[in-house]
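All residue numbers refer to positions in the sequence shown, counting from 1.
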Amino acid sequence: MTGFVEWNRRRKLRADTVYLCNEILAHPTNEAVEYLTELIRRNGLFALPVEWDVIRLVRAFVYASEDVTQDRKDALLEQLHRRD
């Protein structure tokens, strides 16, 4: 049963990560950035099933957005540097 639980957790993590990256690339919001930051904090950056280029692109979109507050940008940057 443990194998299924782990597989299901990874499947949900992948679905959440892909959804958030797509949402941020379409229109960055505080909520999406906060949730992505939390995913990185809980799982580690290297556990996320996305390429580094996607993470860099997401980071660029977040920092270029005027809709995301500075504290959300700083929290995301802190998690990205901590896991780098």
Side-chain angles (χ1 to χ4, degrees):
M1 188 70 168
T2 323
F4 175 75
V5 172
E6 179 62 21
W7 173 83
N8 198 36
R9 186 189 74 76
R10 286 184 186 198
R11 186 180 62 82
K12 181 169 177 6
L13 177 63
R14 177 173 174 71
D16 288 350
T17 304
V18 169
Y19 172 79
L20 283 171
C21 288
N22 286 336
E23 185 176 326
I24 289 171
L25 292 175
H27 181 75
T29 62
N30 281 327
E31 294 79 22
V33 172
E34 181 178 12
Y35 191 49
L36 181 62
T37 302
E38 183 63 22
L39 277 178
I40 294 169
R41 189 189 66 73
R42 279 188 288 145
N43 299 291
L45 183 60
F46 297 111
L48 298 183
V50 293
E51 300 285 328
W52 264 109
D53 292 338
V54 173
I55 293 295
R56 288 184 182 119
L57 187 60
V58 165
R59 182 178 64 191
F61 269 70
V62 166
Y63 280 90
S65 173
E66 295 177 2
D67 295 334
V68 178
T69 60
Q70 190 61 41
D71 62 323
R72 299 282 188 245
K73 292 176 183 180
D74 293 342
L76 178 62
L77 186 63
E78 178 184 337
Q79 286 302 315
L80 291 175
H81 282 292
R82 182 174 294 162
R83 304 296 192 245
D84 239 349

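Shown here are the side-chain contact (heavy atoms from CB on, under 4.5 Å) partners of Ser65, two or more places apart in sequence or in another chain: Pro28, Asp67, Val68. Not counting sequence neighbours, the partners of Gln70 by the side chain to side chain donor-acceptor pair (under 3.5 Å) test are Asp74. With sequence neighbours excluded, the residues satisfying side-chain contact (heavy atoms from CB on, under 4.5 Å) with Leu25 are Leu57, Val58, Phe61. Here Asp53 pairs with Arg56 under the salt bridge (Lys or Arg N to Asp or Glu O under 4.0 Å) rule; sequence neighbours left out. By the side chain to side chain donor-acceptor pair (under 3.5 Å) test, Thr69 pairs with Asn30, Asp71, sequence neighbours left out.
Applying the salt bridge (Lys or Arg N to Asp or Glu O under 4.0 Å) test to every pair with at least one member in residues 22-35, sequence neighbours left out, gives these pairs: Glu34-Arg72. Here ring pair (Phe, Tyr, Trp, His ring centres under 6.0 Å) pairs that include residues 5-26, with residues two or more places apart or in two chains, are Phe4-Trp7. Among residues at least two apart or in separate chains, salt bridge (Lys or Arg N to Asp or Glu O under 4.0 Å) pairs with a member in residues 11-22 are Lys12-Asp16.
Atom-to-atom distance recorded for Leu36:CG and Ile24:CD1 is 4.5 Å, nearest 0.5 angstrom. Rounded to the nearest 0.5 angstrom, Leu76 CG and His81 NE2 are separated by 9.5 Å. Between Asn43 atom CG and Glu38 atom CD the span is 9.0 Å, to the nearest 0.5 Å.
Between Val50 and Cys21, the shortest heavy-atom contact is CG1-SG, 4.4 Å.
Hydrophobic clustering (ILVMFWY, side-chain heavy atoms < 4.5 Å, transitive): Tyr63 and Leu45 are in one cluster. A chain of hydrophobic side-chain contacts below 4.5 Å, direct or via other Ile, Leu, Val, Met, Phe, Trp or Tyr residues, connects Leu77 to Val54.
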